[in-house]
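Only one structure is covered here, and it is reproduced in the block below.
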Amino acid sequence: MFNYGPLAVVALLGAAGASSALASDTPTTDTAETEATRQIDLEVAEKIFRKSCRACHGNKAQGAASYPSLSDKDPAYITERLERYRAGEKIGPNSILMIQHAKKLSDDDIASLSVYVTTAFE
Amino acid sequence: MLHSRFSEPLPLAASLLVGAALFGAPTLAQSGMNTTNLQSEVVLDGLDNPWDMAFLDDGTMLFTEKCSGLSVRMPDGTVNKLYGVGAKEGYPANGEDLFCEGQAGMMGVAFDPGFADNRRIYVYSTSNMSDPHTNRLMRFTVNEDFTAVADRTDIIDDVPYKMAASNHPFGGPGAHNGGRVRFGPDGALWLTTGDTHNGQVPQSPTMMGSKVIRVDTDGAAHPENAPPEGFDKRTYTFGHRNIQGIAFHPDTGAAITAEHGPWHSDEITILKNGGNAGWDPRPNMAGREDCPDDYCGYSPNQEGGMNRYERAAFMPMTDFDTYPDAMPPVWNNNGWSQGTSSAAFLQGDAWGDWNGAMVVGIMGIGFGGTPIGQRIDVIHFNEDVTDVEDVTEMTLPMETGRFRSVVMGPDGSLYTSIDEGTIYKLTPGN
């Protein structure tokens, strides 16, 4: 298990998030504190990836068929999309698939996956 | 893992128990040769969704990349780009009308059996030349040094294309184009097509989606096609969903399709000239009422997982109640839909007991409790080639992927492409 400290989590999630839709809203102190306490577990993320993501998005999250690449995105972008899918929002033609997978994810799962898919295959 | 040949619908509780037992069990002994001695080799990597391949006897390999175009790999390993999709850079010529969207783009490819004399090849791709757009089967000639194609002739220009998004899973434009192009042992050119998420297409006598098309190399109907009266004479079979696999039995010559099911029931079907595959996703048919955007293909409950046999009862892949004479599938993937795509027959003594068996590439999809299932299955037919006798999963010597295409090479190896961008060569023996 890879437990990043709060600073690392904030850095990874926020590193490239300045231009993302999520980051366009200035986070409150509470939000920042919540993000800072997320536990990044890359082993858990890998299991989720292999079970729920890999078959469509490719073995290296490079994208395949009509499923987009994840590895070239920012962690903040992945987090934002997963949170919106988890909330049941439809974004694009494969939303039904994504909503089903995302609704099972915890905040920690989303944080871990966001780091994993954007860093594991570099 | 052994798969039963065919599964009848079971009550919910029973089917869940059976499913748990099947997928919780350790790997069972495999019939025939020990597949662990398969060797794999990366032939090409870093491709853009490689969709199909075709070979000459010397190993020259045409291959398509869905959003990029047509290329050829020469026997010495050199790759020459030949014909690009749209404005894709790096190709000596482009089809400005060709484009990719969702599942659509450049798909199947075949060499003419008389290539040595006529230099002809055939490529299936999505095109915006017509409005609404269509999928087209194009014929080209290739120059002597395999560096350019010329003489494009669209011998089929009217296979439907899905123009707009709809309220369905995978509901974007470009869905369900079929796409495999093969020459049969009869010398005819065969093309498989899909339903484009349009409920009217599969049983339509004139819309050329959801069909197996058999034509000559000018696109004219084969004179022995026997579709029902009023059908387009290019039709060999109809009522399909989205066929991406077709292969011909090496002994009988029978055309056999592998087809992607609607969240249940991938199917292998031994085709009958003029036959109906029994897919009819129209609303207000067979006890169904209205469905999202007039297409019942994912109903009921298209937004969540549910028992696959309940799905099959509501929206059967082969509807025998409505079409009692429909062609019966000989395999239904234990009732699962896992992205069944291409098909080919293994040939050569090196394959041992698998020599003459059919292989099917399965791309995998994990949704609503369906096991992902990325694999290549080996399908053994009975002696009369009327039924499936046994199914064995290949033990692959490399990581699995979305197995879009399986093609026998002239060297006796099986070549397979995965959407992730790799073409592998699988060779039996040490």
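Quick note: numbers below take in every heavy atom, side chains included, and nothing from hydrogens, waters or symmetry partners. Residue numbering restarts at 1 for every chain, and letters A, B, ... go by the order of the sequence lines.
Only the side chain of B:Asn167 comes within less than 4.5 Å of a heavy atom in chain A; its backbone stays farther off. Contacts of A:His101 with chain B are made by side-chain atoms alone, with heavy-atom separations under 4.5 Å and no backbone atom involved. For a residue to count as touching a neighbouring chain, one of its non-hydrogen atoms must lie under 4.5 Å from one of that chain's; by this rule B:Thr400 touches chain A with backbone and side chain alike. Only the backbone of A:Lys51 comes within less than 4.5 Å of a heavy atom of chain B; no side-chain atom from C-beta onward does.
In this structure, B:Lys425 places its NZ atom where more than 12 heavy-atom neighbours from other residues, nucleotides or ligands lie under 6.0 Å away.
Ring to ring, A:Tyr116 and A:Phe121 are close: their centroids are under 6.0 angstrom apart. For an aromatic pair to be called close, the ring centres must be under 6.0 Å apart, and B:Phe99 with B:Tyr161 satisfies this.
Note: B:Glu420 leads B:Gln302, B:Glu420, B:His168 in heavy-atom pairs under 4.5 Å with chain A. The choice from A:Ser95, A:Ala65, A:Cys53 that makes the most heavy-atom pairs within less than 4.5 Å of chain B is A:Ala65. Of the listed residues (B:Pro169, B:Gly364, B:Ala175), the greatest number of heavy-atom pairs within a distance under 4.5 Å of chain A belongs to B:Pro169. Among A:Arg54, A:Lys60, A:His57, the residue with the largest count of heavy-atom pairs under 4.5 Å with chain B is A:Arg54.
A salt bridge does not link A:Lys103 to B:Glu303: none of the charged side-chain nitrogens sits closer than 4.0 Å to a carboxylate oxygen. Salt bridge annotation for A:Arg86-A:Asp107: present, with a cationic side-chain nitrogen under 4.0 angstrom from a carboxylate oxygen.
Between B:Glu65 and B:Met106 the shortest side-chain heavy-atom distance does not fall below 4.5 Å.
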